[in-house]
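What follows is a short report on a single structure.
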Amino acid sequence: MTVNIRQLATTARDFESEFQRMLHWSAEEDRAIEARVASILADVKQRGDAAVLEYTQRFDGLNVASASALELQRAELHAALESIPAAQREALDAAAQRVRSYHERQLEACGRSWSYRDEDGTLLGQKVTPLDRVGIYVPGGKAAYPSSVLMNAVPARVAGVGEIVMVVPTPRGERNPLVLAAAAVAGVDRVFTVGGAQAIGALAFGTASIPAVDKITGPGNAYVASAKRRVFGTVGIDMIAGPSEILVLADGTTPPDWVAMDMFSQAEHDELAQSILLSPDTAYIALVKEAIDRLLPDMPRRKVIEASLKGRGALIHTRSMEEACELSNRIAPEHLEISSGDPQRWEPLLKHAGAIFLGAFTSESLGDYCAGPNHVLPTSGTARFSSPLGVYDFQKRSSLIEVSEAGARRLGPIAAELAYGEGLQAHARAAELRIKGRAK
């Protein structure tokens, strides 16, 4: 079969307009979804458990007598862990260990408190403390996302979060044992079988059965994304994620089939996912296109992949790898593969990406599951100013200031001068009173 994927060249006269058209993704809020989500959140805030039960029955077909029945016991998580095949358990344990090791190093690098004293004895510093309670949203039902459990719960646990509360929809009562097993492996404290906007509302506002949290992380559908956007401010959130993205910078040394399959790996998520290849080698681009056409018919999700490649995919011929790096920085992709024989040569030129995968053997899918770094990444160009989910998302920082008597004499006149300039006399006087020290 032949896939109708966009093919561009930076030397073409209309490249810039076509490039902008390719990048455009309408993130405008769907008014119907927004209105429905607003109604659900208001109802959950007002009626609590009763509203959660009503929406869970309506949307998931799960009919239980009380909201307390939505919570799974830890014994059920461990039973799920015992029930899965040995190969799956070994994979979960190995992935969790790698994710844990990476985030422990992240904690050492950026998650510690620190302080120092300057020449007059004033102490300045930063106190880092974990959040008390976080909520993680995990898609559920027939779809299994154990990797999402690990990527959200493990760094929260490494950060020292006091309690991790997981919500996962179980349509018609269908519980995915692999997801529950991952919750056991990752050390999730409480699990509630509820999803959608009602789950986000319950975590944000709290109900009689579901505790309010300080921050909500994890992926979800348009209703979940809309709900997270609306409760931000009441609680923290990780990000508002758009469709998945992959950008491959290729110098022609990687087998074309590998690159084609890497593009498929994102395109199979949904029709709005984006897969782009940038290469200065026209012959190589043709080989990748041939591989796409040849491999696609055997893919179980070929219809989704084809729609994604046709709607938002692109094969782009650049003048050089340097120009490819420049375009990559403009795109700021979620996943960036440097599929090159010398990836270290190009990595310094790349400023904006959620995750950078170096070399032909580093497929993006390894990062999704078990490499170690987090797979919750900024999308839709937001890698220009935001970062992957990490230990730091489950901590907060407080400034530490202890001014010595000598420091008060030195800093007081500076503060007073600026305070008078702002017309804040009490601020100025508070600083001036300490310049002479305590009365003897």
**Request:** Quick one: pull up OG in S365 and CE in M261 and give me the separation to the nearest 0.5 Å.
**Result:** 10.5 Å
**Prompt:** Which atom pair, heavy atoms only, marks the closest approach of G412 to A431?
**Reply:** O-CB, 3.8 Å
**Message:** Is it the case that atom OH in Y420 sees more than 12 heavy atoms from other parts of the structure closer than 6.0 Å?
**Reply:** yes
**Asked** Would a 4.5 Å heavy-atom cut-off, applied to side chains only, mark L400 and L124 as touching?
**Response** no
**Request:** Determine yes or no for a side-chain-to-main-chain donor-acceptor pair under 3.5 angstrom, with K289 supplying the side chain and V3 the backbone.
**Result:** yes
**Message:** Please check this pair: side chain of Y55 against backbone of G195, looking for a donor-acceptor N/O pair closer than 3.5 Å.
**Reply:** no
For residues 148-165, dump all side-chain donor-acceptor pairs below 3.5 Å to protein atoms at least two apart in sequence or in another chain.
unit_1, atom_1, unit_2, atom_2, d
N152, OD1, T217, OG1, 2.7
N152, OD1, G218, N, 3.3
N152, ND2, S148, O, 2.8
R157, NH1, V161, O, 3.1
R157, NH2, G187, O, 2.6
R157, NH2, D189, OD1, 3.4
R157, NH2, D189, OD2, 2.7
E163, OE1, R133, NE, 2.6
E163, OE1, R133, NH2, 3.2

**Message:** Is there a side-chain contact between L41 and F205 in this structure, where contact means two heavy atoms from C-beta onward sitting under 4.5 Å apart?
**Reply:** yes
**Fill in**
What one should report as the nearest heavy-atom pair of I292 and M263 is CD1-SD, 4.3 Å
**Item:** Which atom of G121 lies closest to which atom of R117, heavy atoms considered
**Value:** O-NH1, 2.7 Å
**Asked** Does K215 use its side chain to pair, donor to acceptor, with the backbone of D393 at less than 3.5 Å?
**Response** yes
**Asked** Are more than 12 heavy atoms from other residues, nucleotides or ligands located less than 6.0 Å from atom OH of Y369?
**Response** no
**Item:** Reported CG-to-CD1 distance for the pair L277 and I246, which is rounded to 0.5 angstrom
**Value:** 10.0 Å
**Message:** Please determine whether side-chain contact (heavy atoms from CB on, under 4.5 Å) holds for the pair L350 and L249, giving the CA-CA distance in whole Å, both sets of side-chain angles, and the decisive distance to 0.1 Å.
**Reply:** CA-CA 11 Å; L350 297 162; L249 303 183; 3.9 Å; yes
**Prompt:** With a 3.5 Å cut-off and no angle check, do the side chains of D120 and T122 form a donor-acceptor pair?
**Reply:** yes
**Asked** So do the side chains of P256 and Y284 get within less than 4.5 Å of each other, counting heavy atoms only?
**Response** yes
**Asked** Which value, rounded to the nearest 0.5 Å, describes the distance between S113 atom OG and Q395 atom CD?
**Response** 8.5 Å
**Request:** For the pair R330 and E16, find out whether any cationic side-chain nitrogen is under 4.0 Å from an anionic carboxylate oxygen.
**Result:** yes
**Prompt:** Are side-chain heavy atoms of N374 and Y102 found at a separation under 4.5 Å?
**Reply:** no
**Prompt:** Got a salt bridge between R345 and D251, using NZ or NE/NH1/NH2 to carboxylate O under 4.0 Å?
**Reply:** no
**Prompt:** Any salt bridge between R229 and E34, counting N to O under 4.0 Å?
**Reply:** yes
**Message:** Is it the case that the side chain of T318 and the backbone of L278 share a donor-acceptor pair, with hydrogens and angles ignored and the cut-off at 3.5 Å?
**Reply:** no
**Message:** To check you understand the geometry: which heavy-atom pair defines the closest contact between E334 and Q266, and what is its length?
**Reply:** OE1-OE1, 4.5 Å
**Request:** Check whether any side-chain heavy atom of M239 lies under 4.5 Å from a side-chain heavy atom of V376, and answer yes or no.
**Result:** yes
**Request:** Identify whether the distance between the nearest side-chain nitrogen and carboxylate oxygen of R100 and E104 falls below 4.0 Å.
**Result:** no
**Request:** Evaluate side-chain contact (heavy atoms from CB on, under 4.5 Å) for V128 paired with W114, printing each intermediate quantity in order.
**Result:** CA-CA 8 Å; V128 178; W114 54 267; 5.8 Å; no
**Asked** Would you say Q106's side chain and V391's backbone share a donor-acceptor pair under 3.5 angstrom?
**Response** yes
**Message:** Using salt bridge (charged side-chain N to carboxylate O under 4.0 Å, His left out), reason through E108 and R112 one step at a time and then give a plain yes or no.
**Reply:** CA-CA 7 Å; E108 293 174 5; R112 303 294 186 185; 5.4 Å; no
**Whether S226 side chain and A222 backbone form a donor-acceptor pair below 3.5 Å** = no
**Message:** For the CG atom of L8 and the CZ atom of R21, what is their distance to the nearest 0.5 Å?
**Reply:** 10.0 Å
**Item:** SB check R434 E405 (cutoff 4.0 Å)
**Value:** no
**Asked** Between M22 and Q274, what is the shortest heavy-atom contact and its length?
**Response** O-NE2, 3.0 Å
**Asked** Can you tell me if E323 uses its side chain to pair, donor with acceptor, with the backbone of R319 under 3.5 Å?
**Response** yes
**Message:** Would you say that more than 12 heavy atoms from the other residues, nucleotides or ligands in this model lie under 6.0 Å from the CD of E417, or not?
**Reply:** no
**Request:** State plainly whether the residues K310 and E271 are in salt-bridge range, i.e. N to O under 4.0 Å.
**Result:** no
**Item:** Pair E245-I331, side-chain contact (heavy atoms from CB on, under 4.5 Å): steps then yes or no
**Value:** CA-CA 10 Å; E245 309 157 350; I331 295 170; 5.8 Å; no
**Message:** Taking the side chain as everything from C-beta on, heavy atoms only, tell me whether E337 gets closer than 4.5 Å to T362.
**Reply:** no
**Fill in**
In terms of heavy-atom contacts, S340 and W346 come closest through OG-NE1, 3.5 Å
**Request:** Count the heavy atoms belonging to other residues, nucleotides or ligands that lie under 6.0 Å from NE2 of H427, then report whether that count exceeds 12.
**Result:** no
**Asked** Where the side chain of D262 meets the backbone of S275, is there a donor-acceptor pair that is under 3.5 Å apart?
**Response** no
**Message:** Does K45 have more than 12 heavy atoms from other residues, nucleotides or ligands lying within 6.0 Å of its NZ?
**Reply:** no
**Request:** Could you please spell out the steps behind the side-chain contact (heavy atoms from CB on, under 4.5 Å) verdict for D60 and T170?
**Result:** CA-CA 7 Å; D60 290 342; T170 55; 5.8 Å; no
**Inter-residue atom distance H78.NE2 - L180.CG, 0.5 Å rounding** = 11.5 Å
**Asked** Is R294 paired with D257 through a side-chain N to carboxylate O contact shorter than 4.0 Å?
**Response** yes
**Asked** With under 30° as parallel and over 60° as perpendicular, where do the rings of F361 and W258 fit, or are they tilted in between?
**Response** perpendicular
**Request:** Report yes if some heavy atom in the side chain of H335 is under 4.5 Å from a heavy atom in the side chain of D368; otherwise report no.
**Result:** yes
**Request:** Decide yes or no for V235 and L203: does some side-chain heavy atom of the first lie under 4.5 Å from some side-chain heavy atom of the second?
**Result:** no
**Request:** For the pair T253 (side chain) and G341 (backbone), establish whether a donor and an acceptor sit closer than 3.5 Å, ignoring hydrogens and angles.
**Result:** yes
**Rounded distance [0.5 Å steps], CG in L131 versus CG in D214** = 5.5 Å
